Protein chains: 2
Amino acid sequence: MSSVRQIAGELGISVATVSRAMNQHAGVSEETRKRVLMAADKYQYRPSMGRKPTNVIGLVYPEEPVHSDIGDFEAALLSGILRGVYEKNHDLTFISAARDKHVDETYTQFFHRKGVRAIIMRSLGDTSLVEQIAAEEFPILLVADRSDDPRVNFIHSTSGDTSRKAVQHLVELGHKRIGLAMHNVVDTDHEDRKAGYMNALTEAGIAVDADLIVEAEANTSGGESMLTSLLQLDNPPTAVYFTNPMSTIGALHKCLKLGLNVPRDLSIVGFDDSVTRLQSFPRYTAVCQDAVSLGEEAARWITTAAQNESQSVFREVRPTTFEIQESTAYPSMTPARIDADGNLVHTV
Amino acid sequence: MSSVRQIAGELGISVATVSRAMNQHAGVSEETRKRVLMAADKYQYRPSMGRKPTNVIGLVYPEEPVHSDIGDFEAALLSGILRGVYEKNHDLTFISAARDKHVDETYTQFFHRKGVRAIIMRSLGDTSLVEQIAAEEFPILLVADRSDDPRVNFIHSTSGDTSRKAVQHLVELGHKRIGLAMHNVVDTDHEDRKAGYMNALTEAGIAVDADLIVEAEANTSGGESMLTSLLQLDNPPTAVYFTNPMSTIGALHKCLKLGLNVPRDLSIVGFDDSVTRLQSFPRYTAVCQDAVSLGEEAARWITTAAQNESQSVFREVRPTTFEIQESTAYPSMTPARIDADGNLVHTV
DNA sequence: GATTCAAAGCGTAACAGTTTCATTTTGAAG
DNA sequence: CTTCAAAATGAAACTGTTACGCTTTGAATC
């Protein structure tokens with residue numbers, strides 16, 4: 001195995017020049033650089049030590065190995081993060097703290113050992129890890145969640161206000177019994193959506209009915225089951241707000257199977273992270289957040305934070321938008337419900 | 001800024017011990033390790049040089065920055081890769097060859113500089129880059145594509161045979177005019193699917209009609225437009241095979257909009273990378289590949305290849321499966337088509 | 001109880017690459 | 001021809017790692 005010294009000796013130049021040439025540093029003539037690189041190739045030179053790759057951002061998930069498949073939101077977020085990171089000439093690497101961190105190591109030591117300069121972190125509800133890392137003053141950005149800890153940087157979307165607007169829209173159409181179908185894992189975003197729902201009802205003078213609030217997993221079968229249980233109520237809702245894209249899709253699918261016409265028999269407001277609302281039948285009215293640009297913005301901030309040491313706390317809250325599509329209309333005169341046999345009936 | 005020597009001096013031990021302690025190497029007592037790590041934390045020690053993080057697999061995409069959003073297939077593949085890589089105690093990092101590689105550098109030099117030991121590569125049709133890297137004998141695995149170059153390792157799914165089976169299924173149901181709706185970007189997988197379609201028709205003694213083969217982008221609007229142009233033919237198909245999940249979804253969506261009943265008025269066979277076929281209305285009959293396990297297997301192989309130097313060529317071809325769901329049936333007696341005004345009509 | 005022996009723990013010194021700073025070279029302006 | 005600044009380079013100092021050898025420890029064996 002060859003070393004910089006051998007190559008330097010071979011070419012009759014100094015090790016410093018070889019090192020500079022290998023690392024694309026300035027101060028080496030183009031001709032010397034080529035000679036060095038060719039010699040390195042010829043002697044199969046492999047740096048055995050060398051500076052750690054710089055400009056690397058770590059992406060940390062709370063659980064390892066990534067146990068569930070990467071969903072719609074995660075994929076869109078990752079797209080954005082990658083784009084932002086590339087734009088700023090950084091690389092992105094997945095880090096598994098759960099697997100690789102030694103107990104006695106501080107997080108800062110761990111990340112330095114892994115060769116990352118800063119961290120983008122996803123937290124599924126539990127922000128204690130982020131807070132711990134932020135306390136060490138290692139550059140970290142929590143994405144798509146928030147924390148009360150004053151040291152934690154985060155960027156997320158608020159869907160509380162837009163959720164209120166969405167439910168108001170239903171109220172204005174004349175709906176009085178409006179269901180809420182939520183994710184059964186509590187995080188701040190879903191809390192906000194629930195709060196928005198409550199506020200809209202309270203403002204409209206409509207009492208909140210606990211029966212109309214259901215929870216399930218954030219996937220299509222969760223959506224189906226939530227729709228089913230809502231429609232099995234004696235006094236079913238005429239409109240439902242699904243706070244998650246996949247459950248919205250599942251619910252719409254279930255409606256098609258039941259032969260229930262959306263929006264004539266039931267109005268549905270959904271949630272969308274990307275463009276799912278436009279790819280369903282019917283296209284659904286939704287509270288929309290742009291996960292791609294959330295990721296992009298996160299990457300842009302963390303890359304600059306990785307370079308300028310002391311940065312002030314960053315807390316960006318991005319608005320969500322409310323977009324009316326084809327899944328909401330005036331309430332049905334004869335609200336649909338599912339009877340004991342699982343059949344669709346219309347109440348009078 | 002402190003160094004290993006300062007810490008060693010402070011604790012009255014040697015630099016070797018400090019170095020070993022910092023890198024979780026054996027040969028250091030637990031007590032000494034703790035003292036070192038605490039001192040390192042106290043003096044804010046940051047290794048300025050140090051060994052590059054080992055056990056890192058690079059993920060390379062042909063185009064940079066990842067210009068399109070990460071789609072269904074890419075997300076599923078990435079899930080699998082991550083899981084496989086984690087399982088083998090490696091890390092995964094995104095590498096941008098287009099952006100960072102210096103022209104005079106060999107790929108091997110470039111990857112060493114980036115600190116990656118092996119590469120998983122996606123190629124969208126053009127395999128010349130993989131071949132070039134494989135020629136340097138750098139460990140690389142092409143995933144979800146293949147190459148004729150005898151040095152290239154690859155893992156992919158064959159959908160040719162299963163596509164033939166899918167079209168045979170339609171033939172057996174009685175269909176004679178069967179459309180093919182393809183991705184307009186040529187890669188080996190889509191070539192195979194087309195070949196399977198052709199074979200099935202030829203075997204059944206049905207002449208291939210070029211009018212029935214259409215191409216568009218692999219997304220929902222591509223699916224819609226392909227369906228539309230097929231149904232606008234004077235002699236429209238009674239069944240169509242869509243070789244891509246998103247275009248299948250787009251076509252099904254378009255059918256719902258047109259009021260065209262699938263499978264009564266038109267049979268549709270689609271393609272699925274994960275579980276999309278079960279989340280549509282109706283659930284669609286599909287040629288299915290498991291992108292997650294493809295990624296897992298890819299990660300497992302490349303991690304072992306990254307360690308044992310000379311490995312024999314690896315070429316795994318995974319079967320796809322054909323799954324009958326609700327979108328295929330006997331051909332309609334009155335095939336549907338779209339007239340000049342864009343309305344649905346039934347031919348007699 | 002003495003002996004043996006292997007493993008664990010640690011230090012010295014050699015080694016790998018990088019970077020600072022001084023020196024030389026180059027090239028263009030005066 | 002001189003001057004001077006920028007570019008290119010080298011010597012030496014510096015960073016972190018590792019091979020190898022020494023010491024200690026503790027348990028098995030005689």
Side-chain angles (χ1 to χ4, degrees), chain A residues 1-56 102 104-106 108-117, chain B residues 1-56 102 104-106 108-117:
Chain A
M1 187 79 352
S2 56
S3 71
V4 277
R5 281 160 236 272
Q6 283 169 50
I7 291 176
E10 184 72 20
L11 298 176
I13 58 177
S14 73
V15 291
T17 305
V18 174
S19 176
R20 279 187 282 254
M22 295 297 304
N23 294 287
Q24 317 300 342
H25 285 190
V28 183
S29 70
E30 208 44 47
E31 196 227 324
T32 316
R33 169 161 293 147
K34 276 191 186 160
R35 280 173 55 218
V36 169
L37 288 170
M38 284 181 62
D41 189 33
K42 179 176 159 198
Y43 295 118
Q44 303 247 72
Y45 168 70
R46 304 282 173 268
S48 73
M49 212 154 59
R51 172 160 280 310
K52 283 175 183 151
T54 182
N55 290 357
V56 180
H102 193 279
D104 295 324
E105 245 175 350
T106 64
T108 307
Q109 288 171 354
F110 170 64
F111 293 134
H112 274 280
R113 181 159 66 82
K114 283 287 180 184
V116 296
R117 295 271 280 261
Chain B
M1 188 77 353
S2 56
S3 70
V4 276
R5 282 161 233 271
Q6 283 171 49
I7 291 177
E10 185 71 22
L11 298 175
I13 59 177
S14 74
V15 290
T17 305
V18 175
S19 177
R20 280 188 280 255
M22 296 297 305
N23 294 289
Q24 317 299 344
H25 285 190
V28 184
S29 71
E30 209 43 50
E31 196 226 327
T32 313
R33 168 162 293 146
K34 275 190 187 161
R35 280 172 55 219
V36 170
L37 289 170
M38 283 182 63
D41 190 32
K42 179 176 160 197
Y43 295 117
Q44 304 246 73
Y45 168 69
R46 304 282 174 268
S48 73
M49 214 155 60
R51 173 162 277 322
K52 284 179 181 144
T54 183
N55 290 356
V56 179
H102 191 280
D104 296 323
E105 245 174 350
T106 63
T108 307
Q109 287 171 353
F110 170 64
F111 293 134
H112 273 281
R113 182 159 65 82
K114 282 288 180 184
V116 296
R117 295 272 280 260

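Within every chain, numbering begins at 1; the chains are lettered A, B, ... in the order of the sequence lines, protein sequences first and strands thereafter. It should be emphasised that the depicted structure is a prediction, and the values quoted were computed from it without experimental measurement.
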What is the distance from [atom1] of [X] to [atom2] of [N], rounded to the nearest Å?
X	N	atom1	atom2	result
M22(A)	dT18(C)	CE	P	8 Å
R113(A)	dT17(D)	CZ	C1'	15 Å
H112(B)	dG17(C)	NE2	C1'	15 Å
I7(B)	dG16(D)	CD1	P	8 Å
I13(A)	dT25(C)	CD1	P	16 Å
R5(B)	dT12(C)	CZ	P	12 Å

How long is the gap from [atom1] on [X] to [atom2] on [Y], to the nearest 0.5 Å?
X	Y	atom1	atom2	answer
K34(A)	H102(B)	NZ	NE2	8.5 Å
E10(B)	Y43(B)	CD	OH	3.0 Å
H112(B)	T106(B)	NE2	OG1	8.5 Å

Between the protein and nucleotides 19-24 of chain D, are there any N/O to N/O pairs under 3.5 Å, and if so, what are the atom names and distances?
none

Taking the side chain of V4(B) as its heavy atoms from C-beta onward, which of dC10(C), dG16(D), dA16(C) lies nearest to it? dG16(D)

Ignoring the backbone of T17(B), work out which of dG16(D), dG11(C), dG10(D) is nearest its side chain. dG11(C)

Taking all heavy atoms of [X] and all of [Y], pick out the closest pair and write down the distance.
X	Y	value
A8(B)	S14(B)	CB-C, 3.7 Å
S2(A)	Y45(A)	OG-CA, 3.2 Å
V18(B)	I13(B)	CG2-CD1, 3.9 Å

Please output the side-chain donor-acceptor pairs of residues 19-26 of chain B that fall under 3.5 Å, not counting sequence neighbours, one pair per line with the distance.
residue : atom : partner : partner atom : Å
N23(B)  : ND2  : S19(B)  : O            : 2.8
Q24(B)  : NE2  : E105(A) : OE2          : 3.3

What residues in residues 23-32 of chain A put a non-hydrogen atom under 4.0 Å from any atom of DNA chain D? G27(A), V28(A), S29(A), T32(A)

Any side-chain N or O of S19(A) under 4.0 Å from OP1/OP2 of dT18(C)? yes

side-chain contact (heavy atoms from CB on, under 4.5 Å) evaluation trace for V28(B) with T17(B): CA-CA 7 Å; V28(B) 184; T17(B) 305; 4.2 Å; yes

Worked check of side-chain contact (heavy atoms from CB on, under 4.5 Å) between R46(A) and T108(B): CA-CA 9 Å; R46(A) 304 282 173 268; T108(B) 307; 3.5 Å; yes

